[in-house]
Amino acid sequence: MARPVTANIDLGSIRHNFQCATSLRPQGRTLAVVKADAYGHGVAEVTGALADLTTAFATASIEEALAIRAVGLPHPVLLLEGFFDAEELPEISRQGFWSAIHHDWQLQQLERAVLPSPISVWLKVDTGMHRLGFTPAQALDAFRRLQALPHVDRIVVMSHLANADVPDSPGISVAAQLARLPREFTEAGVELSLANSAGVLAHELACRQWQRPGIMLYGASPLAQQNPHSRQLQPAMTLTSRIIATRWVEPGEQVGYGGRFIASRRCRVGTVAIGYADGYPRQAVEGTPVLVSGQRTGIVGRVSMDMLTVDLTDLADFTKADVGTEVELWGKNLLATEVASGCDTIPYHLFTGVTARVPRVYSGNRCP
């Protein structure tokens, strides 16, 4: 016996989505971003499923990269934020990891380091995101300093697109960001990595030698306006639970904490075994969609720690929606993008927020 909430992960869909990314930009190489436990999908299983398709993986930290080594995969792993302490550098060298360098303090530590073997460095240039990276002018000097180091064997220049997902953003455009890159990088045969998922899906001009798809691998599009490429993606995570109780609620009665929902008519309400301790957002508004036995309805009342409530009244033959009936919170039949809009968040947050107490159940094609 077990609590019925489950995150069903289709590894075949993740493989499909990676192949979409590579087919869209065949002129470059594509690494798989698997930070944050593969966006909540399980890093061991996801990297195993992609091992025969990708050249390299990318994570946020050395701890995440070592988790990939722990399952026996020899692929290079890019540390997207580089190292946080100079003591990491020898292990980065021993493991064959690739390190981002985004600040002068990292470069200084690398210049002082004595390493077992040379490492590959991804030099980050701030072209408008203003989070990490050298200014374009600083990046030229940093590039030359890296070239002078005997323990640096390869340099890739990377930047991050700030508004590639929103075509009419008031912020800096993709074209403007690319224009900020020094010509010494764009015209001298230097390897470049600029395109995230939004860049891969919608901005061919940003796709260079290396692409870094993340959210699209898991079947959610980052684009505010979908295009034919984003519509090819297949959701990988389907979050389900079951109804554990039903009741009739009379007009004027409330459902849930705080009296946020007060019935305006007699309605049948189902209680579902999932809540914010499982990762379903507490901020979900009234009517945030769910599927009950494949039929669309919405949440009523506030999400609580272990449960939420849904309106069953208008379902066809609602008497069949009873204890044990399956409820899909998002997934193959209800896109996480739509659910996220009802929770004032984004699919990234939904996927990475699914907690450890929710079992992941895997299906689909794994690496042959």
Colleague: Run the numbers on Ile101 and Gln106 for side chain to side chain contact (heavy atoms under 4.5 Å, CB included), then give the verdict.
Modeller: CA-CA 6 Å; Ile101 298 291; Gln106 290 176 317; 4.0 Å; yes
Colleague: Would you say Val269 and Val272 are hydrophobically clustered, going by side-chain heavy atoms of ILVMFWY under 4.5 Å?
Modeller: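 Result: no, two separate clusters.
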Colleague: Once you round to the nearest 0.5 Å, how far does OG1 of Thr135 lie from CG of Leu140?
Modeller: 9.0 Å
Colleague: In terms of hydrophobic clusters joined by side-chain contacts under 4.5 Å, are Leu161 and Ile172 together?
Modeller: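 Different hydrophobic clusters.
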Colleague: Quick one, Thr54 and His75 - any side-chain contact, counting heavy atoms below 4.5 Å?
Modeller: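 Contact flag for Thr54/His75 side chains = yes.
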Colleague: Between Thr288 (side chain) and Val339 (backbone), is there a donor-acceptor pair under 3.5 Å?
Modeller: no
Colleague: With rounding to the nearest 0.5 angstrom, report the NE2 to OG distance, His229 to Ser221.
Modeller: 11.5 Å
Colleague: Cut-off 3.5 Å, side chains only: do Asn8 and Thr6 have a donor facing an acceptor?
Modeller: no
Colleague: How about Ile62 and Gln95: do any of their side-chain heavy atoms sit closer than 4.5 Å?
Modeller: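 When only atoms from C-beta onward are counted, Gln95 and Ile62 do not touch, as no gap falls below 4.5 Å.
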Colleague: Within a 6.0 Å radius of atom CD on Glu286, are there more than 12 heavy atoms belonging to other residues, nucleotides or ligands?
Modeller: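 Yes, because the 6.0 Å sphere around CD of Glu286 holds more than 12 heavy atoms from other groups.
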Colleague: I would like to know whether Leu123 and Leu146 meet side chain to side chain contact (heavy atoms under 4.5 Å, CB included); could you show each step before the answer?
Modeller: CA-CA 9 Å; Leu123 177 65; Leu146 289 168; 4.1 Å; yes
Colleague: If the test is side-chain contact (heavy atoms from CB on, under 4.5 Å), which one of Met158, Glu64, Lys124 qualifies with Leu80?
Modeller: Met158
Colleague: Does either side chain, that of Arg25 or that of Thr30, offer a donor lying less than 3.5 Å from an acceptor on the other one?
Modeller: no
Colleague: Kindly say whether Arg268 contributes a backbone atom to a donor-acceptor pair with the side chain of Thr313 at under 3.5 angstrom?
Modeller: yes
Colleague: Can you measure from CD1 (Ile346) to CZ (Phe351) and round to the nearest 0.5 angstrom?
Modeller: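 The CZ atom of Phe351 is 10.5 Å from CD1 of Ile346, to the nearest 0.5 Å.
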Colleague: Does Asp344 have more than 12 heavy atoms from other residues, nucleotides or ligands lying within 6.0 Å of its CG?
Modeller: no
Colleague: Around atom CD of Glu204, are there more than 12 heavy atoms from other residues, nucleotides or ligands closer than 6.0 Å?
Modeller: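 Incorrect, the count does not exceed 12.
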Colleague: Could you tell me which non-hydrogen atom of Pro222 sits nearest to which non-hydrogen atom of Ser197, and how far apart they are?
Modeller: CG-CB, 4.0 Å
Colleague: Hey, is CD on Glu250 packed in by over 12 heavy atoms from elsewhere, all under 6.0 Å?
Modeller: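 Atom CD in Glu250 is packed in, count exceeds 12.
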Colleague: Are Phe57 and Trp98, when compared by the centres of their aromatic rings, separated by less than 6.0 Å?
Modeller: no
Colleague: Between Glu326 (side chain) and Val292 (backbone), is there a donor-acceptor pair under 3.5 Å?
Modeller: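 A pair under 3.5 Å: no.
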Colleague: Answer with yes or no whether the hydrophobic clustering places Leu335 together with Leu291; edges join I, L, V, M, F, W, Y residues whose side-chain heavy atoms lie under 4.5 Å apart.
Modeller: no
Colleague: Run the side chain to side chain contact (heavy atoms under 4.5 Å, CB included) check on Val354 and Met237 step by step: do they pass?
Modeller: CA-CA 10 Å; Val354 177; Met237 177 190 288; 4.0 Å; yes
Colleague: Measure across Leu178 and Leu194 and return the closest heavy-atom pair with its distance rounded to 0.1 Å.
Modeller: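 That closest heavy-atom pairing would be CD2-CD1, 3.3 Å.
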Colleague: Does Lys35 pair with Glu81 as a salt bridge, N-O distance under 4.0 Å?
Modeller: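 Result for this pair is no, no salt bridge flagged.
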Colleague: Has Thr246 got a side-chain atom pairing as donor or acceptor with Asp322's backbone, closer than 3.5 angstrom?
Modeller: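 Side chain of Thr246 to backbone of Asp322, a donor-acceptor pair under 3.5 Å: no, none is there.
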Colleague: What about Val310 and Trp248, same hydrophobic cluster or not, with Ile/Leu/Val/Met/Phe/Trp/Tyr joined at side-chain heavy-atom distances under 4.5 Å?
Modeller: yes
Colleague: Looking at Gln234 and Gly219, would you say the former's side chain and the latter's main chain have a donor-acceptor pair under 3.5 Å?
Modeller: no
Colleague: Would you say that Tyr218 contacts Val34 through its side chain, given a criterion of any heavy-atom pair below 4.5 Å between the two side chains?
Modeller: yes
Colleague: Report yes if some heavy atom in the side chain of Val5 is under 4.5 Å from a heavy atom in the side chain of Tyr280; otherwise report no.
Modeller: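 No, every pair of side-chain atoms sits at 4.5 Å or beyond.
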Colleague: Please round to the nearest 0.5 Å and tell me the distance separating atom CD1 of Ile244 and atom CG of Asp306.
Modeller: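 Reported to 0.5 Å precision, the distance equals 9.0 Å.
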Colleague: Do His103 and Leu132 have side chains that approach each other closer than 4.5 Å (heavy atoms only, starting at C-beta)?
Modeller: no
Colleague: Does any N or O in the side chain of Gln254 come within less than 3.5 Å of the main-chain N or O of Gly256, such that one atom is a donor and the other an acceptor?
Modeller: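 Side chain of Gln254 to backbone of Gly256, a donor-acceptor pair under 3.5 Å: yes, one is there.
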Colleague: When you measure from the side chain of Arg242 to the backbone of Ala273, do you find a donor-acceptor pair of N or O atoms at a distance under 3.5 Å?
Modeller: no
Colleague: Is a donor on one side and an acceptor on the other found under 3.5 Å between the side chain of Glu88 and the backbone of Phe84?
Modeller: yes
Colleague: Checking salt bridge (charged side-chain N to carboxylate O under 4.0 Å, His left out) for the pair Asp37/Arg360: CA distance, chi angles, key distance, verdict?
Modeller: CA-CA 12 Å; Asp37 197 30; Arg360 272 67 167 173; 5.2 Å; no
Colleague: Do Phe261 and Ile299 come within less than 4.5 Å of each other through their side chains, counting heavy atoms only?
Modeller: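 Not touching, per the 4.5 Å side-chain cut-off.
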Colleague: Taking all non-hydrogen atoms of both residues, which atom of Leu24 and which atom of Val200 are closest, and how far apart?
Modeller: CD1-O, 4.1 Å
Colleague: Looking at every non-hydrogen atom in both residues, tell me the closest pair between Gln177 and Asn163 and how far apart they are.
Modeller: OE1-N, 4.3 Å
Colleague: Would you call the rings of Trp105 and Phe83 parallel, tilted or perpendicular, taking 30° and 60° as the class edges?
Modeller: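 It falls in the perpendicular class, over 60°.
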Colleague: Look at atom NE2 of His349 and say whether more than 12 heavy atoms of other residues, nucleotides or ligands are closer to it than 6.0 Å.
Modeller: no
Colleague: Can Leu312 be reached from Val300 by stepping across I, L, V, M, F, W or Y side chains whose heavy atoms are under 4.5 Å apart?
Modeller: no
Colleague: Any side-chain heavy atom of Leu350 sitting closer than 4.5 Å to one from Leu329?
Modeller: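 No, too far: nothing below the 4.5 Å cut-off.
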Colleague: If you look at every heavy atom in Gly275 and Val303, which pair is closest and at what distance?
Modeller: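 For Gly275 versus Val303, the nearest heavy atoms are CA-CG1, 4.0 Å.
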Colleague: From Asp52 CG over to Phe18 CZ, what is the distance, rounded to the nearest 0.5 angstrom?
Modeller: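 CZ of Phe18 is found 9.5 Å from CG of Asp52.
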Colleague: Between Ile274 and Leu239, is a side chain to side chain contact (heavy atoms under 4.5 Å, CB included) present by the stated rule, with each step listed?
Modeller: CA-CA 10 Å; Ile274 192 168; Leu239 183 66; 3.6 Å; yes
Colleague: With rounding to the nearest 0.5 angstrom, report the CD to CD1 distance, Gln19 to Ile14.
Modeller: 12.0 Å
Colleague: Hey, is CZ on Arg282 packed in by over 12 heavy atoms from elsewhere, all under 6.0 Å?
Modeller: no
Colleague: Before you tell me yes or no, could you show the steps for Glu328 and Asn333 under side-chain hydrogen bond (donor to acceptor under 3.5 Å, both in side chains), namely the whole-Å CA-CA distance, both residues' side-chain angles and the distance that decides it to 0.1 Å?
Modeller: CA-CA 8 Å; Glu328 181 175 323; Asn333 304 298; 3.0 Å; yes
Colleague: Are the side chain of Ser120 and the backbone N or O of Arg154 linked by a donor-acceptor pair below 3.5 Å?
Modeller: no
Colleague: Please name the pair of heavy atoms, one in Leu217 and one in Val33, separated by the smallest distance, quoted to 0.1 Å.
Modeller: CD1-N, 3.9 Å
Colleague: Answer yes or no: is there a donor N or O on one side and an acceptor on the other, between the side chain of His203 and the main chain of Ala164, under 3.5 Å?
Modeller: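 Yes, the answer is positive, given that a donor and an acceptor are paired below the 3.5 Å cut-off.
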Colleague: Does any part of the side chain of Arg3, heavy atoms only, come nearer than 4.5 Å to the side chain of Asp278, both counted from C-beta?
Modeller: yes
Colleague: Taking atom CZ of Arg265 as the centre, report whether more than 12 heavy atoms of other residues, nucleotides or ligands fall under 6.0 Å from it.
Modeller: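 More than 12 heavy atoms, drawn from other residues, nucleotides or ligands, come within 6.0 Å of this atom.
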Colleague: Report yes or no: do His102 and Arg131 form a side-chain donor-acceptor pair below 3.5 Å?
Modeller: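 Their side chains do not contain a donor-acceptor pair, so the 3.5 Å distance test is not met.
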